[in-house]
Amino acid sequence: MSSTNLRLYADAQFSSPYAMSVFVALHEKGLPFELSTVDLGREANRARDFAVPSLTQRVPMLVHDGFALSESSAITEYLDEVFPGTPLYPAEPQRRARARQVQAWLRSDLMPIRQERSTEVVFYGPNDTPLSAVAQAAAGKLFAAAEALLEDGSENLLGEWCIADVDLALMLNRLVLNGDAVPQRLAEYARHQWQRPSVQRWIKLERPPL
Ligand SMILES: N[C@@H](CCC(=O)N[C@@H](CS)C(=O)NCC(=O)O)C(=O)O
């Protein structure tokens, strides 16, 4: 364990949107941390040294002072509770609940978009397969929710920036960066969120070829 006492385990391609969310959170908090990669293609996540502490055999996993935690939104909530620095979640209970709702929804729904526009599209390059009818329907649902959440014209979901902005921008950018049709307002929101320095640090990580 390094002197920072924080180590993040991410996928070897740096393509996991969930690892990205935690990486951004650590940078927003200004916390020094070590970054380790887990080769999911070689099932390194099933090896005992990762499988046991992670419980879930999934990245991301954060280890803080010997305490191992997986599940990205549990990690970012933990970081927000334990460390000062930029708040990751709104303080006001209803806004905080909304941020958690958006995170939970993006992690549990919109599967056709996640399958047909994997994060390889975002971090390696676009694909030219048209969206299926079910993916278009999922995109319609995504746009309706995002437009409702951003109806006041704000550049962030809930007034001040929060970690759910990163997750929503990533979901929209699966389409925007692939050249799929996205309402202009939402494409601008996603592009704006992508410029955040903590997000750019993840984007600029050196990736191995696929
Ligand atoms: N809900 C989890 C999802 C984590 C997840 O799906 N991680 C993927 C990489 S993006 C993974 O580790 N897959 C390997 C596996 O499930 O065996 C989170 O938010 O952390």
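All figures in this text were calculated on a predicted structure; none of them were measured in a lab. In listed order, ligands and their atoms are each counted from 1.
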Out of all atoms in ligand 1, which are within 4.0 Å of some heavy atom of P60? Include the element for each. 20 (O)
Ligand-residue contact atoms, ligand 1 with R46, heavy atoms, under 4.0 Å: 15 (C), 17 (O)
Would you give the length of the straight line joining atom CG of L170 to atom CD of Q193, rounded to the nearest 0.5 angstrom? 11.5 Å
Atoms of ligand 1 under 4.0 Å from any heavy atom of R107, numbered from 1 in the order shown, are 19 (O)
Before giving the answer on side-chain contact (heavy atoms from CB on, under 4.5 Å), spell out for F123 and F14 the whole-Å C-alpha distance, their side-chain angles and the decisive distance to 0.1 Å. CA-CA 8 Å; F123 299 115; F14 301 123; over 6 Å; no
Note the single closest protein heavy atom to atom 13 (N) of ligand 1, along with its residue, its atom name and the distance in Å. L40 CD1, 4.1 Å
Can we say R107 and E71 salt-bridge, meaning some charged N sits less than 4.0 Å from an Asp/Glu carboxylate O? no
Taking distance alone, with no angle check, do V59 and ligand 1 share an N/O pair under 3.5 Å? yes
Suppose we measure from atom 1 (N) of ligand 1 to each protein heavy atom; which comes out shortest, and what is that distance? E71 OE1, 2.8 Å
Taking 4.0 Å as the limit for heavy-atom contacts, which would you say applies to N45 with ligand 1: side chain only, backbone only, both, or neither? side chain
Output the rest of the hydrophobic cluster of Y189: all Ile, Leu, Val, Met, Phe, Trp and Tyr residues reachable through side-chain heavy-atom contacts under 4.5 Å, sorted by chain and number. V102, W105, L106, L110, I113, L131, L142, F143, L149, L150, L157, L158, L168, M171, L172, L175, V176, V182, L186
Residues two or more places apart in sequence or in another chain: which of them pass side chain to side chain donor-acceptor pair (under 3.5 Å) with D11? none
Do S72 and ligand 1 have an N or O pair less than 3.5 Å apart? yes
Starting from atom 10 (S) of ligand 1, what is the nearest protein heavy atom, named by residue and atom, and what distance separates them? S16 OG, 3.3 Å
Nearest heavy-atom pair of D167 and S21: which atoms, and what distance? OD1-OG, 3.0 Å
Looking just at side-chain N and O atoms, do R58 and S70 make a donor-acceptor pair shorter than 3.5 Å? no
